[in-house]
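Worksheet: one structure, shown below.
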Amino acid sequence: MIYYFSGTGNSRLAAGFLSEYLHEPARFIPDTDPCEETVCGESVGFVFPVYSWGVPPFVIGFMSRLPLQFWNEVRRLQTPVWCVMTCGDEVAMAPEMFEKELSRHGVEAESIWSVIMPNNYVLLPGFDVDAPDVEQKKLQDAPARLKEIGDGILQHRKVVDVVRGSIPTLKSRLIYPLFKKWGIFSEKWHSSDACVGCGICARSCPLKNVAMSGKTPRWGDNCCSCLACYHSCPHHAVEYGKITRKKGQYFLK
């Protein structure tokens, strides 16, 4: 079984590839009731993007809500648990965050991997999408990396094979907590005059946090900062305060 979360499509691509390669079913976390989950398949995998050098709080929340019997079955059957983190460049100490959550349930990760995909974070100064050539290069390189990961999972390699980047501890222990506390402000989301009321932003939101009021999108308070609404807008009409006005877009269909 593969549980995955994706906003702009990078982790969806990775989960889909690994689902076919490993012959494991893939479940989209927002559409999955953790209380009803049971262990099935040869392994349990988690695929998700790295947010501010950490595991998305939404993913941690899902793992924490998986029932006791689920984790008891993982231990009893000795089911391998692994994860794949998609990132624009690096993961810092996100693997340790994932391992810490597993340890709360008495489980250890067999393997942890990262795969570099196009950047999509645009909510801070200095952050933007990749140049088109860099984006295409990352997408071209991803299948080979995912095959390598798939082979490693099938071979039960016990490894943490990730790109951590520079000063990983500082990034994860300082910036990630700030992101969780101050990095998600639903009230900053709005539509500009370019909005035509097509509703794509609402349909793209994995948490159904965007609703249409007539032809105007409205954001609720359940935002996880996945940026699907922003990147999927065909008219670049979704804005986060003023900071996204000159930023690029990336959405993997």
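Residue numbers start at 1 and run along the sequence shown.
Screening residues 105-131 for ring pair (Phe, Tyr, Trp, His ring centres under 6.0 Å) gives W71-H105, Y121-F127 as the qualifying pairs, with residues at least two apart or on separate chains.
Residues meeting the salt bridge (charged side-chain N to carboxylate O under 4.0 Å, His left out) test with E37, sequence neighbours left out: R27. Taking K188 as the reference, nothing meets the salt bridge (charged side-chain N to carboxylate O under 4.0 Å, His left out) condition, with sequence neighbours excluded. Shown here are the salt bridge (charged side-chain N to carboxylate O under 4.0 Å, His left out) partners of E73, two or more places apart in sequence or in another chain: R76. Residues that satisfy the salt bridge (charged side-chain N to carboxylate O under 4.0 Å, His left out) test with K215, not counting sequence neighbours, are absent from this structure.
Heavy atoms from other residues, nucleotides or ligands lying under 6.0 Å from CG of D221 number 12 at most. In E20, the CD atom is not crowded: 12 or fewer heavy atoms of neighbouring residues, nucleotides or ligands sit closer than 6.0 Å. More than 12 heavy atoms of other residues, nucleotides or ligands sit less than 6.0 Å from atom CD of E148. Counted within 6.0 Å of CD on Q78, heavy atoms from surrounding residues, nucleotides or ligands total 12 or fewer; the atom is thus considered open.
With a 4.5 Å cut-off on side-chain heavy atoms, D89 and N119 count as touching. L154 is not listed as a side-chain neighbour of E42, based on a closest heavy-atom distance of 4.5 Å or more. Residues C224 and F5 form a side-chain contact, since some pair of their non-hydrogen atoms from C-beta on lies under 4.5 Å apart. In this structure, the side chains of F98 and M63 come closer than 4.5 Å at one or more pairs of heavy atoms. Taking 4.5 Å as the limit, some side-chain heavy atom of V107 sits within range of a side-chain heavy atom of R75. Taking the side chain as every heavy atom from C-beta outward, Y21 and I153 never approach each other to under 4.5 Å. Looking at W53 and C87, their side chains never come closer than 4.5 Å, going by heavy atoms from C-beta outward.
Put simply, the side chain of S114 gets close to the backbone of V163: a donor and an acceptor are under 3.5 Å apart. Listed for the S19 side chain is no donor-acceptor partner under 3.5 Å among the backbone atoms of G16. Not a single donor-acceptor pair under 3.5 Å links the side chain of S111 to the backbone N or O of W82. K138 contributes a side-chain N or O that, together with a main-chain N or O of G88, makes up a donor-acceptor pair within less than 3.5 Å. With hydrogens and angles ignored, the 3.5 Å screen pairs no side-chain donor or acceptor of R65 with any backbone N or O of D33.
No single ILVMFWY cluster, assembled from side-chain heavy atoms under 4.5 Å apart, contains both W219 and F251. Linking ILVMFWY residues whenever their side-chain heavy atoms come closer than 4.5 Å, directly or via other members, places V122 and L178 in the same cluster. M212 and V196 fall into different hydrophobic clusters, defined by Ile, Leu, Val, Met, Phe, Trp and Tyr side-chain heavy atoms under 4.5 Å apart, directly or through other members. Cluster annotation: V162 is not connected to M93 through the hydrophobic network of ILVMFWY side chains, with a link wherever side-chain heavy atoms come within less than 4.5 Å. Two different hydrophobic clusters hold L146 and I116 under the rule that ILVMFWY side chains link at heavy-atom gaps under 4.5 Å.
Between R145 and D141 there is no salt bridge, since no side-chain nitrogen of the basic residue lies less than 4.0 Å from a carboxylate oxygen of the acidic one. Between E96 and R164, at least one side-chain nitrogen of the basic residue sits less than 4.0 Å from a carboxylate oxygen of the acidic one, meeting the salt-bridge criterion.
Across all their heavy atoms, C223 and N209 have their closest contact at N-ND2, 3.5 Å. Of all heavy-atom pairs between M85 and I112, the closest is CE-CG2, 4.1 Å. When all heavy atoms are compared, the tightest approach of S172 to A92 is OG-CB, 3.2 Å.
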For Y3 and F48, what are the C-alpha separation, side-chain angles and deciding distance, and is it a side-chain contact (heavy atoms from CB on, under 4.5 Å)? CA-CA 8 Å; Y3 297 105; F48 52 83; over 6 Å; no
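The residue from L252, T8, N10 that alone fulfils the side-chain contact (heavy atoms from CB on, under 4.5 Å) condition with P118 is N10.
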Validation: residues 230-238 side-chain donor-acceptor distances under 3.5 Å, sequence neighbours left out:
{"from": "Y230", "atom 1": "OH", "to": "H236", "atom 2": "NE2", "distance (Å)": "3.4"}
{"from": "Y230", "atom 1": "OH", "to": "K247", "atom 2": "O", "distance (Å)": "3.1"}
{"from": "Y230", "atom 1": "OH", "to": "G248", "atom 2": "O", "distance (Å)": "2.8"}
{"from": "H231", "atom 1": "ND1", "to": "Y250", "atom 2": "N", "distance (Å)": "2.8"}
{"from": "H231", "atom 1": "ND1", "to": "Y250", "atom 2": "O", "distance (Å)": "3.3"}
{"from": "H231", "atom 1": "NE2", "to": "N120", "atom 2": "O", "distance (Å)": "2.6"}
{"from": "S232", "atom 1": "OG", "to": "S204", "atom 2": "OG", "distance (Å)": "3.0"}
{"from": "S232", "atom 1": "OG", "to": "A228", "atom 2": "O", "distance (Å)": "2.8"}
{"from": "S232", "atom 1": "OG", "to": "C229", "atom 2": "O", "distance (Å)": "3.4"}
{"from": "H236", "atom 1": "NE2", "to": "K247", "atom 2": "O", "distance (Å)": "2.8"}

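Aromatic ring centres of F28 and Y4: separated by under 6.0 Å.
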